Amino acid sequence: MEKIICSLCEKPASVNLQYAAKHLCSGCFVKYFEKRFLRTIREFSMIKPHEKIAVGLSGGKDSVVMLHLLAKLRRRLPFEIFAITIDEGIKNYRNTTIHIAKRECKKLGIALKVIIFKEDIGFNLDEIMKKTNSSACSWCGVFRRYLLNKYARIENANKIAIGHNLDDVAQTVLMNIMRNEPIRIARFLEPITNDEYFIPRVHPLLRTPEKEIAIYAMLKDIQIKYMECPYAHFSFRQHVKKQLNDSEEKYPSTKIRILNSFLEMKKHLRKWMKDEKFKLFHCKKCGESSSAQICMRCEMIMKLKNMA
Ligand code: SF4
Ligand code: ZN
Ligand code: ZN
């Protein structure tokens, strides 16, 4: 069989980037991957010198690889990093990823804060699932976002770095379209209105396909465990993920096109929302910023207490 040669040098290729019509050897792939990461940070001015960045570290491959890339970037750009891991209390799953988060932070000399659902919310996710019949992710997502924001602010972080990759972003955009949620699309990735209580989020992997993160981790010997949250299987996201992977297979670049069209659409939606005088409140119960008088987190806790 004929050997495929790297599109950028003479070495045998080991990675096929179908959307870019390129075959790369492992060395060129690593450079390409790291350059795209830096370019994305620059494109959206994600990190400025001397800022303090809270890394949302779940212990999964995306956030661990992002932690390594940010730690490397810190050698060139003066900024601070620390990590926050949220322990939702998911049996036979979260303990393993927390162990990975601790190990990687220790390796890189990065401080880590583990925030426990039960201590703030009063329930862990397994308990919530025993009480309710609804999707775990809708409860978990609200509480995780709330806790990340709160503890990043307590630690005086300027930004929160989230390890969402290109696949995650394309899925979220499609999910919001399929659910007819234009406001969520406009708000996705950045808030409409600035608020001192809200710590802006940055997504340095938003142009990076999920598959490539796994390849990069393998080539750089970043030890990762492939585990899936036991609740993920039942989510709407899984359904959209399958459809999107199928489309990408048949029509390469689908995910990148969704991302680019989202970025374009967002500009117009945000303008429209500013005209609509979109208002932010401070929750009457917990004081955090919210799009209503009582935030989703407090509404959900009340619901859970009433179910007891
Ligand atoms: Fe939470 Fe859903 Fe993610 Fe599991 S998959 S950690 S339930 S958001
Ligand atoms: Zn090469
Ligand atoms: Zn609240």
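Order of appearance sets the numbers: ligands from 1, and atoms from 1 within every ligand. Small disclaimer: the values here were computed from a predicted structure and weren't measured.
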> Phe143 vs Phe117 aromatic rings, parallel, tilted or perpendicular, using cut-offs 30° and 60°?
Replying inline: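 It falls in the perpendicular class, over 60°.
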>> Looking at Phe82, I'd like to know if the NZ or CZ of Lys52 sits under 6.0 Å from its six-membered ring centre while staying within 45 degrees of the ring's axis.
In response: yes
> So, are Asp120 and Arg297 salt-bridged, with charged N and O less than 4.0 Å apart?
Replying inline: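 Counted as a salt bridge, because a side-chain N and a carboxylate O are separated by less than 4.0 Å.
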>> Using the rule side chain to side chain donor-acceptor pair (under 3.5 Å), only one of Thr40, Asn165, Asn260 pairs with Arg207; which is it?
In response: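 Going through the options one by one, the only one that passes is Asn260.
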> So which protein N/O/S atoms does atom 1 (Fe) of ligand 1 have within less than 2.8 Å?
Replying inline: Cys140 SG
>> Looking at Met296, I'd like to know if its CE atom is crowded, meaning that more than 12 non-hydrogen atoms belonging to other residues, nucleotides or ligands lie closer than 6.0 Å.
In response: no
> What's the verdict on ring pair (Phe, Tyr, Trp, His ring centres under 6.0 Å) for Phe29 and Tyr216, showing C-alpha distance, side-chain angles and the deciding distance?
Replying inline: CA-CA 8 Å; Phe29 170 75; Tyr216 179 82; 7.0 Å; no
>> Taking the ring centre of each residue, are Tyr197 and His282 less than 6.0 Å apart?
In response: yes
> Mind checking whether Tyr93 and Tyr231 have ring centres under 6.0 Å apart?
Replying inline: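 Ring centres of Tyr231 and Tyr93 not closer than 6.0 Å.
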> Quick one: does atom 3 (Fe) of ligand 1 have a protein heavy atom under 4.0 Å from it?
Replying inline: no
> For the salt bridge (Lys or Arg N to Asp or Glu O under 4.0 Å) test, which of Glu210, Glu104, Glu228 pairs with Lys61?
Replying inline: Glu210
> Excluding waters, which protein N, O or S atoms are within less than 2.8 Å of the Zn ion (ligand 3)?
Replying inline: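 Metal shell, protein only: Cys283 SG, Cys286 SG, Cys295 SG, Cys298 SG.
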> Quick one: do the Ser58 and Thr97 side chains pair a donor with an acceptor below 3.5 Å?
Replying inline: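 Short answer, no.
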